[in-house]
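Sequence lines set the chain letters: A, B, ... in the order given, protein chains first and strands last, and positions in each chain run from 1.
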Number of protein chains: 2
Amino acid sequence: MRDEDRNDIRKLSLFSNMTSPAFDALMHAAYDQVFPAQLELIRQGEAANFLHVVLEGAVELYAHWQNRDTTMAVVQPVATFILAACMRDAPYLMSARTLQRSRIVLIPAVDVRAAFARDPGFALAAVQELSEGYRNLVRHAKNLKLRNARERLGAYLWQRSLDAGGAKGFVLPQEKRLLASYLGMTPESLSRAFKALREHGVHIDGMRVTITDAAALKALVQPNTLLDTALNIP
Amino acid sequence: MRDEDRNDIRKLSLFSNMTSPAFDALMHAAYDQVFPAQLELIRQGEAANFLHVVLEGAVELYAHWQNRDTTMAVVQPVATFILAACMRDAPYLMSARTLQRSRIVLIPAVDVRAAFARDPGFALAAVQELSEGYRNLVRHAKNLKLRNARERLGAYLWQRSLDAGGAKGFVLPQEKRLLASYLGMTPESLSRAFKALREHGVHIDGMRVTITDAAALKALVQPNTLLDTALNIP
DNA sequence: CATGAATGTTGATATTTGTCAATCAAAGGA
DNA sequence: TCCTTTGATTGACAAATATCAACATTCATG
């Protein structure tokens with residue numbers, strides 16, 4: 001593994017308070033790999049053998065049932081995913097695929113659990129990470145149940161604008177069909193929701209979004225940290 | 001606190017592997033109270049000062065936004081709730097109210113965090129508890145996004161039948177408007193979903209459900225441990 | 001640069017779900 | 001026991017969202 005990647009991982013809150021020997025042991029057991037775009041990394045139902053860390057690229061977490069699919073989250077560097085399944089030594093509830101060519105570190109779940117038992121700093125960080133993941137999922141579920149499609153899109157755009165430092169204009173980070181699936185609607189409904197938001201201060205041109213009337217958008221979506229999930233891209 | 005309650009709490013997986021001194025310290029700091037039905041225990045947005053343990057009765061976790069409400073979960077004895085907010089020392093994302101007269105133990109969040117730092121057995125159990133909570137929430141979100149209203153009700157009934165030991169007949173544990181809210185629909189839609197399920201092997205009479213054709217119901221809902229949440233009532 | 005495949009948009013229509021109002025049934029208190 | 005209140009059901013209708021088909025656009029790449 002490259003020293004640079006090692007340092008990036010070390011800086012993650014999950015690993016930053018580990019003792020160096022414990023961190024070294026984890027990294028020693030880990031695999032560093034580059035995967036092409038659209039590769040299925042994990043299939044739901046499989047045993048959770050590895051904690052994954054995305055160093056470069058992006059990974060989609062999705063779920064399927066019968067012949068239906070839905071996007072649950074997009075993981076951006078540098079971040080980990082499926083910690084919960086690793087900790088429980090249980091089957092993955094979600095599948096994962098790369099959205100772009102991605103560099104990913106795989107840490108054997110047994111080593112993660114061992115580090116947890118041995119290193120209190122890591123244990124504390126793991127709980128913080130899980131708790132925050134839990135809370136983000138509560139927000140996702142609340143959002144789905146309390147807002148309609150147009151409001152969900154508006155809230156999403158509002159939050160992306162905040163994430164961009166309050167910029168009025170920004171570019172959608174993923175293609176629209178993925179965004180539609182994440183927001184729990186069809187691509188057609190997303191397209192119509194964008195049109196409907198023109199009346200509420202949002203202009204869209206391809207992937208480029210401009211918030212033309214922040215007050216109007218805010219009035220519609222009533223943004224709220226108890227519902228809206230900030231991306232924590234470092 | 002009564003010895004009996006103390007023992008019930010001690011048996012919870014969250015507390016069963018703590019050292020006795022650590023457990024005693026936690027219980028010493030805790031309050032044991034009885035609340036009437038329909039009392040708001042927690043309001044979303046407030047600081048998380050207490051981990052709650054339900055000993056008797058039942059507690060609804062719900063969320064609201066604008067003038068809309070939705071039920072996120074019902075906590076049955078003996079179980080804890082809002083561990084994640086306590087661990088993060090963050091505002092509650094959900095409100096909580098008693099559904100019945102309930103006996104509840106309140107453990108100061110600072111003491112929970114202290115116990116976590118001092119007692120490795122408790123730390124491990126907390127992670128297991130959080131992880132399982134996380135996974136149940138993933139199931140809830142998948143269920144909302146992948147199944148329609150009728151399928152969600154069918155899956156819920158199938159799971160309750162399993163929870164009752166595979167019984168063909170059982171009684172709904174909560175009133176229907178609460179069930180409707182939990183399943184993400186209106187009471188009217190729930191009522192119609194019940195009628196629609198008559199074609200799929202479900203008979204309803206008031207609160208009493210009878211599964212008259214298990215194969216038909218199973219075919220409709222395609223039950224799946226990756227979507228359906230088993231209640232873990234001890 | 002051309003071409004084909006994937007993605008996005010639009011219109012027409014169907015289905016699902018919600019809303020409102022009326023009624024019915026059940027439960028709890030005076 | 002009656003009465004009031006709350007919850008549940010039903011019907012009529014409205015709104016939201018999905019589906020299907022057609023077409024437009026973008027993107028990758030040969």
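Checking dG11(D), dT17(D), dA12(C) against the side-chain heavy atoms of Arg192(A) singles out dA12(C) as nearest. Distances from the side chain of Thr186(A) to the nucleotides dT19(D), dT9(C), dT19(C) place dT19(D) closest. Distance from the side chain of Met185(A) is smallest for dA18(D) among the nucleotides dA18(D), dG18(C), dT10(C). Checked against dT10(D), dA18(D), dT7(C), the side chain of Glu175(A) finds its nearest nucleotide in dT7(C). The Lys176(B) side chain lies nearest to dA8(D) when the options are dA8(D), dG11(D), dT9(C). Looking at the side chain of Glu188(A), the nearest of the listed nucleotides dT17(C), dA16(D), dC20(D) is dC20(D). Across dG8(C), dT17(D), dT10(D), the shortest atom-to-atom separation from the side chain of Met207(A) is found for dG8(C).
What separates NZ of Lys195(A) from P of dA16(D) is a distance of 16 Å, to the nearest Å. Between the CD1 atom of Ile204(A) and the P atom of dT26(D) there is a distance of 13 Å, given to the nearest Å. Going from atom CZ of Arg68(B) over to atom P of dA16(D) covers 10 Å, rounded to whole Å. Residue Leu178(A) contributes atom CG, which lies 12 Å from atom C1' of dT7(C) at whole-angstrom precision. At whole-Å resolution of the value, CG in Leu144(A) and P in dT17(C) are 14 Å apart. Rounded to an integer number of Å, the gap from Lys145(A) NZ to dT17(C) P is 14 Å. Rounding to whole angstrom units, CZ of residue Arg208(A) and C1' of dG8(C) are separated by 18 Å. Separating the CG atom of Leu146(B) from the P atom of dA18(D) is a distance of 13 Å, rounded to the nearest angstrom.
In this structure, Leu41(B) CG and Ser95(B) OG are separated by 10.0 Å, a value rounded to the nearest 0.5 Å.
Classification of the His140(B)-Tyr182(B) ring pair by plane angle, with boundaries at 30° and 60°, yields parallel. The aromatic rings of Phe50(A) and Tyr31(A) sit perpendicular to each other, their planes meeting at more than 60°, with 30° as the lower class boundary.
Figure legend: cation-pi geometry between Arg160(A) and Tyr156(A), with NZ or CZ positioned under 6.0 Å from the six-membered ring centre and within 45° of its axis. Remark: Lys142(B) is not positioned above the aromatic ring of Tyr62(A), lacking an NZ or CZ atom under 6.0 angstrom from the ring centre and at most 45 degrees off the axis.
At the phosphate of dT9(D), OP1 or OP2 sits under 4.0 Å from a side-chain N or O atom of Ser191(B).
Side-chain atoms of Arg177(A) stay outside donor-acceptor range of the base of dT26(D), with no qualifying N/O pair under 3.5 Å.
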